[in-house]
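In this text, all values refer to a predicted model and were calculated from it rather than measured experimentally. Keep in mind that the numbers below use all heavy atoms, side chains included, and drop hydrogens, waters and symmetry copies.
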Number of protein chains: 2
Amino acid sequence: MTPQTGTQAIDRAARLLTLVVQSEEPRSFTSLAEDSDLAKSTTSRLLQALERHHLVRRDRDGAYRPGPLFTGYAARHDPVDDLVQVAEPTLQRMGDAVGETVNLSVPRGETVVQVAQVDSTYRLSATNWLDVDTPPHCSALGKVFYAYGTLPLPTGRLERRTGRTLTSRTALERDLAQVVRRGFAVTHEELEPGLSAIAAPVRHRDGAVIAAVSVSGPTTRIEERIDELSRLLVAETKRLSAALGYRPGKARKDGAA
Amino acid sequence: MTPQTGTQAIDRAARLLTLVVQSEEPRSFTSLAEDSDLAKSTTSRLLQALERHHLVRRDRDGAYRPGPLFTGYAARHDPVDDLVQVAEPTLQRMGDAVGETVNLSVPRGETVVQVAQVDSTYRLSATNWLDVDTPPHCSALGKVFYAYGTLPLPTGRLERRTGRTLTSRTALERDLAQVVRRGFAVTHEELEPGLSAIAAPVRHRDGAVIAAVSVSGPTTRIEERIDELSRLLVAETKRLSAALGYRPGKARKDGAA
DNA sequence: CTCCAGAGTTCCATATTATGGAACCTAACT
DNA sequence: AGTTAGGTTCCATAATATGGAACTCTGGAG
């Protein structure tokens, strides 16, 4: 299944390429040679081959950056599709661990769109579901986007869905402040009786909140496990954010095996 | 400068990788082996190495698709940055050819943002200039976005900037219909006396107009060369659209309700 | 159930290919 | 003119990739 042999040159070239693509800063020749433990001559030959094939390019300082094959790919693709790809393992893992519905959503316009979901049968389904019937202030996902300023706060009045819906602006703002403090949002039957959810932000390289992940299910099941669920949710969204290039503080990255 | 030697394995692997990344459809093992003229055994070994390094992945049908290194890169990057990278050669070439200012713009919110520019000194400069002072209906770029429905038509009244500004909705709509018919937009001193411009759309893989390129300069110089300039502009924007994956003819559009 | 074809993987003797130390180049400093 | 840092080229060597053939697996068709 895995011939680790007969591919030394490719293994080395791939290692160099990964170094270039993964690091956000352009890499110098020397730093690449050191980090990959290759002789200068070998590094030079491999990088030249990669450059010839448009996998890397050199900027005017001579530093290596991802090449036209990467920029072209990125320009051709909807970043949301790629977010879904990257998030898939996270969602799958969470679905397996908690046995509840897990959702990945992004903001669009003034509202929230679900872009992937793992339901309680553990099956991943890619959705593109603009849920017009869920006002953001009633959903955990929406609260995350409000709390971190990704969606502008609603200007009209706050529709009441259940007895627990937050309908006053001060109540909502107090809740949003708590979201930021805790790092995740909670809704207890604010959209629908019997339904609860928690959600946490996914951050991008520049720190912007670009998506959110939620776990939702019957209030009884969610409430009794809320500590466990929120810990898992926050851990997984942090990990996903890291995969997207977000570095809280200054973190050094090493070979994530 | 270019040792074409000592890198056979990498050259071959890069060829395979390029085939996978460039084709929008997933590629089967056999089609890759044929198109690259490699023995089955070699193809197998190389693809396994690429897969091990996350450069390609196999979907559940066994077909090869771009791997996590590509999707991860795309998810981490602003697609506009990558658009600028891809468009750079186009803009440079046009600037050299026409000796006038060339602009690349994208829509944002309700207006137009310039993201790259080659001025008449032929120097490329990356800008990120939200030109609040240019209402889209007075600019060739804005007209392109209106004409192809990328920007919603303005709801308020149309501000008059010069004697030639189109201020009536019917005049504007007639002009926009002509833009679609001709394939490019023209403004003759509608923003500022003495200034003229032409602009054409850049299309994305799914056919959506995601950007526009303009050539602008003094009315005297623009008007006398308008045939030449528009031919070049349309040819170059078509080429750029093709580089972004647009295939005129098969206008595929997925119903994303 | 058996046979066949298509798709892909593994094996292994061979020689072609990648390797890396040393020499070399070229700016940028001093 | 001298030095260093960053990078490229050379070339004898042996380690590496190669590809034909054998093999496995899967899904029909008879």
Side-chain angles (χ1 to χ4, degrees), chain A residues 1-69 255, chain B residues 1-70:
Chain A
M1 183 94 188
T2 26
Q4 310 275 3
T5 180
T7 55
Q8 193 197 53
I10 295 178
D11 291 345
R12 292 170 160 191
R15 222 156 67 224
L16 286 172
L17 180 57
T18 302
L19 283 171
V20 171
V21 174
Q22 299 283 34
S23 56
E24 291 304 337
E25 298 305 312
R27 299 288 306 243
S28 76
F29 175 91
T30 308
S31 84
L32 290 170
E34 281 173 2
D35 286 4
S36 60
D37 283 313
L38 296 174
K40 284 197 302 176
S41 51
T42 304
T43 307
S44 180
R45 197 159 16 83
L46 297 183
L47 284 173
Q48 282 181 46
L50 292 176
E51 186 176 6
R52 210 167 340 113
H53 291 287
H54 308 299
L55 288 163
V56 303
R57 69 187 181 86
R58 309 193 71 165
D59 61 22
R60 55 199 56 178
D61 302 330
Y64 289 91
R65 308 168 112 284
L69 202 63
Chain B
M1 186 101 187
T2 27
Q4 310 275 3
T5 179
T7 55
Q8 193 198 50
I10 295 178
D11 291 345
R12 292 170 161 192
R15 223 155 67 224
L16 287 172
L17 180 57
T18 303
L19 283 172
V20 170
V21 174
Q22 299 283 33
S23 57
E24 291 303 339
E25 300 303 315
R27 298 288 308 240
S28 76
F29 175 89
T30 309
S31 84
L32 290 170
E34 280 173 1
D35 287 4
S36 60
D37 282 313
L38 295 175
K40 282 195 305 175
S41 52
T42 305
T43 307
S44 179
R45 198 161 12 84
L46 297 182
L47 284 173
Q48 282 181 45
L50 292 176
E51 187 176 5
R52 211 170 335 115
H53 291 285
H54 307 297
L55 288 163
V56 302
R57 68 185 182 88
R58 309 193 72 166
D59 61 21
R60 57 198 56 180
D61 302 331
Y64 289 91
R65 307 168 112 287
L69 202 64
F70 285 88

Is it true that a side-chain atom of A:D59 and a backbone atom of A:D61 form a donor plus acceptor pair closer than 3.5 Å?
yes

Distance check needed: D:dC23 P versus B:K40 NZ, whole Å only.
14 Å

Within less than 4.0 Å of OP1 or OP2 of D:dA5, is there a side-chain N or O belonging to A:T30?
no

Protein-nucleotide distance (B:L38, atom CG; C:dA7, atom P), rounded to Å:
18 Å

Can you tell me if A:R58 touches the phosphate of D:dG6, counting only side-chain N or O atoms and a distance under 4.0 Å to OP1 or OP2?
no

Is it the case that the base of D:dG20 and the side chain of B:S41 share a donor-acceptor contact (distance under 3.5 Å, atom types as modelled)?
yes

Would you tell me if any nitrogen or oxygen in the side chain of B:Q48 comes within less than 4.0 Å of OP1 or OP2 on C:dG8?
no

Sub-4.5 Å side-chain heavy-atom contact between B:Q48 and A:T7
no

Starting at atom CD of A:E34, determine the distance to atom P of C:dG20, rounded to an integer number of angstrom.
16 Å

Would you say D:dA17 has OP1 or OP2 under 4.0 Å from some side-chain N or O of B:R45?
no

Check the distance between C:dG8's C1' and B:L46's CG and give it to me in whole angstrom.
14 Å

Rounded to whole Å, CZ of A:F29 lies from P of D:dG6 at a distance of 11 Å

Whole angstrom value for the distance that separates P of C:dT16 from CD1 of B:I10:
20 Å

Please check this pair: side chain of A:T18 against backbone of A:A14, looking for a donor-acceptor N/O pair closer than 3.5 Å.
yes

Side chains of B:R52 and A:D11: closer than 4.5 Å at any heavy-atom pair?
yes

Quick one: is D:dA15 close enough that its OP1 or OP2 comes under 4.0 Å of any side-chain N or O from A:Q8?
no

With rounding to the nearest 0.5 angstrom, report the CD to CZ distance, A:E51 to A:R57.
10.0 Å

To the nearest 10°, let me know how far the axis at one end of the helix from C:dC1-D:dG30 to C:dT30-D:dA1 is tilted from the axis at the other, five pairs an end.
30°

B:R15 has an atom CZ; how far is it from atom P of D:dA17, in whole Å?
17 Å

Using a 4.0 Å heavy-atom cut-off across all strands, classify A:T42 as base, sugar-phosphate, or nothing.
base

Can you check whether A:V56 reaches A:L16 side chain to side chain, under 4.5 Å on heavy atoms?
no

Note, B:T43 side chain near B:R12 side chain (heavy atom, < 4.5 Å)
no

Pick the closest DNA chain D nucleotide for A:Y64 and for A:R12 by heavy atoms, then say which residue is nearer the 5' end.
A:Y64

Whole angstrom value for the distance that separates P of C:dA18 from CG of A:D11
14 Å

